[in-house]
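The next block holds one structure in the form of structure tokens; read it before the comments.
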2 protein chains.
Amino acid sequence: MDRTQLQNSFEAYFNELGYDIDWQRLTVPMDVHVICKGDYLFQQGDFANRLYFLHSGLVRYVSVSDEGKEFTQTFAKSPRIIGSTKAMVTETRVLFGIQALEDSMVSSYTWQAFYAQMRHDIGFLECYAKFLERIFIVKEERENAFVKHSAERRYLDFCAAYPELKDSIPQQQIASYIGITPVALSRIRQKLKLSRG
Amino acid sequence: MDRTQLQNSFEAYFNELGYDIDWQRLTVPMDVHVICKGDYLFQQGDFANRLYFLHSGLVRYVSVSDEGKEFTQTFAKSPRIIGSTKAMVTETRVLFGIQALEDSMVSSYTWQAFYAQMRHDIGFLECYAKFLERIFIVKEERENAFVKHSAERRYLDFCAAYPELKDSIPQQQIASYIGITPVALSRIRQKLKLSRG
DNA sequence: AGAAGGAGTTAACTTAGGTTAATTCCTTCT
DNA sequence: AGAAGGAATTAACCTAAGTTAACTCCTTCT
């Protein structure tokens, strides 16, 4: 797969966000990574100050608490920008790892180089702003769900939002995404099964 | 207060974000609003597709659940951009109201006009991106807190993050910000008082 | 000064979800 | 085929936080 083909993925992504721009203009040095199912693109605590683009596959952002419990922050399906905005922007260690849930292909760019080109190409910068708007809105919805909705409701919303994941990923990961234990999720599923007759 | 003075507030804000730019270039039509303590800049459910800048004062974002319970999503202190990113970008109704906790002064711009100028001024667009990065990171930290930390820990973190608010705003609002009831917060405070001796 | 209303506290009771552990059911490995 | 390890379920018990309600302070209003 050559660079031209890879960069077409960007266009697919930004078209979805309602934006049309020629990503072949991107000349920043690029690395390509193939990550097998189960492996990590980077681990929590690394300095992951790169911007990644997920060309194919599916990943999750996994964060481990002080007590050693795993939480899934995000499921990300290609095509999509992935990585830690916070780690890039503040030059700190990442607070989560990225694990492949399917074999995945990723290109990467140093944040410095990517940012430098964006600063001189208002189209790219606009794309970046649209990306930030999108991920902010998703986080805001998630905050809303945690504060206002029960675990049962969060599970139902998850199933509606990710119908294709609902049956193809381990329930533990779904539980950790909606902020409960696998045991609690199992109880909720049991209850729903009964109430559906 | 004239426009020049007001626009200087923008500079104070973006300086804090590590960015130096002359906001006197902003020529978009501006409205000025004075909101008294307790009043709302806009209500949940409005079409609040404006960008606001809080020049002085303190506000909170308040969201009411289907069951009629109030949640405080954000406390915002001047100088700062305020408003609903989601409502502006997706042209939907706002999911929260903005209430003044002190008498406040706000300028406002239609999103369309503001965006149009940004698209032709890469400096403004970069500021906007920095603003989005910042609010995203805050939301991400909040998500993290809800999933990983106890209510007690969230309260202590709130006190550390907003020492000046801790004693000057009603406890109900603090409780609703950390996602618990006033009764539960009162219990936590009692427990902390005892354990401090 | 007295009344009214809101904010915070405290107590009693309920409930959702955490914890631990046993059991079953799958894969996968040899 | 049998063993081993992980995933989900179920049950029993525990804890944090919600709910309701009574009580105490404060303001603020007349």
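Values below: every heavy atom of this structure, side chains too, minus hydrogens, waters and symmetry copies. Numbered from 1 within each chain, the chains take letters A, B, ... in sequence-line order.
Distance, I188(A) CD1 to dG18(C) C1': 12 Å, rounded to whole Å. Remark: C1' of dG8(C) and NZ of K193(B) are 10 Å apart, rounded to the nearest angstrom. Protein atom NE2 of H149(A) is 17 Å distant from nucleotide atom C1' of dA16(C), rounded to whole Å. Taking atom CD1 of residue I178(A) and atom P of nucleotide dA16(C), one finds them 15 Å apart after rounding to whole Å. Summarising the geometry, the separation between NZ on K37(A) and C1' on dT27(C) is reported as 12 Å, rounded to the nearest angstrom. The CZ atom of R153(B) sits 22 Å away from the P atom of dT15(D) (whole-angstrom rounding). The distance from atom CG of L185(B) to atom C1' of dA17(D) is 12 Å, rounded to the nearest whole Å. The distance from atom CZ of R154(B) to atom C1' of dA16(D) is 11 Å, rounded to the nearest whole Å.
Residue P170(A) is classed as a sugar-phosphate contact, given heavy-atom separations below 4.0 Å to backbone atoms only. Nucleic acid contact class of R189(B) (heavy atoms, under 4.0 Å, all strands): sugar-phosphate only. Contacts of Q190(A) with the nucleic acid, taken as non-hydrogen atoms under 4.0 Å apart, involve only primed sugar atoms and P, OP1 or OP2. Contact annotation for Q172(B): backbone-only contact, meaning every heavy-atom pair under 4.0 Å involves sugar-phosphate atoms and none involves a base.
Proximity of K191(A) to the phosphate of dT10(D): no side-chain N or O atom is located under 4.0 Å from OP1 or OP2. Listed pair T181(B) / dG18(D) meets the phosphate criterion, a side-chain N or O lying under 4.0 Å from OP1 or OP2. One finds a side-chain N or O of Q171(A) lying less than 4.0 angstrom from the OP1 or OP2 phosphate oxygen of dT9(D).
Axis angle between the ends of the helix from dA1(C)-dT30(D) to dT30(C)-dA1(D), five pairs each and rounded to 10 degrees, works out to 30°.
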Tabulate protein N/O versus nucleotide N/O from nucleotides 23-25 of chain D, keeping only pairs under 3.5 Å, one per line.
none

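Listed nucleotides dT19(C), dG17(C), dT19(D) differ in distance to V183(A); the shortest reach to its side chain belongs to dT19(C). Listed nucleotides dG18(D), dT10(C), dG17(C) differ in distance to A184(A); the shortest reach to its side chain belongs to dG17(C).
The base of dG18(C) sits within donor-acceptor range of the side chain of R187(A), with an N or O pair under 3.5 Å.
The aromatic rings of F114(A) and W23(A) lie parallel to each other, their planes meeting at an angle below 30°, with 60° marking the opposite boundary. A tilted orientation is assigned to the rings of F42(B) and F96(B), their planes being inclined by 30° to 60°. Using bins of under 30°, 30° to 60° and over 60° for the plane-to-plane angle, the ring pair F75(A)/Y162(A) lands in the perpendicular bin.
Centroid-to-centroid, the aromatic rings of F47(B) and W111(B) stay 6.0 Å apart or farther. Proximity of the aromatic rings of Y109(A) and Y52(A) is defined here by a centroid distance below 6.0 angstrom, and this criterion is not met. With ring centers used as reference points, F14(B) lies 6.0 Å or more from Y19(B).
Checked by atom type, the side-chain pair R60(B)/T72(B) shows a donor-acceptor distance below 3.5 Å.
Between K139(A) and E140(B) there is a side-chain heavy-atom pair separated by less than 4.5 Å.
Paired with H55(A) under the rule side-chain hydrogen bond (donor to acceptor under 3.5 Å, both in side chains), one option of S107(A), S104(A), S78(A) passes, and it is S107(A).
In this structure, K130(B) NZ and L132(A) CG are separated by 10.5 Å, a value rounded to the nearest 0.5 Å.
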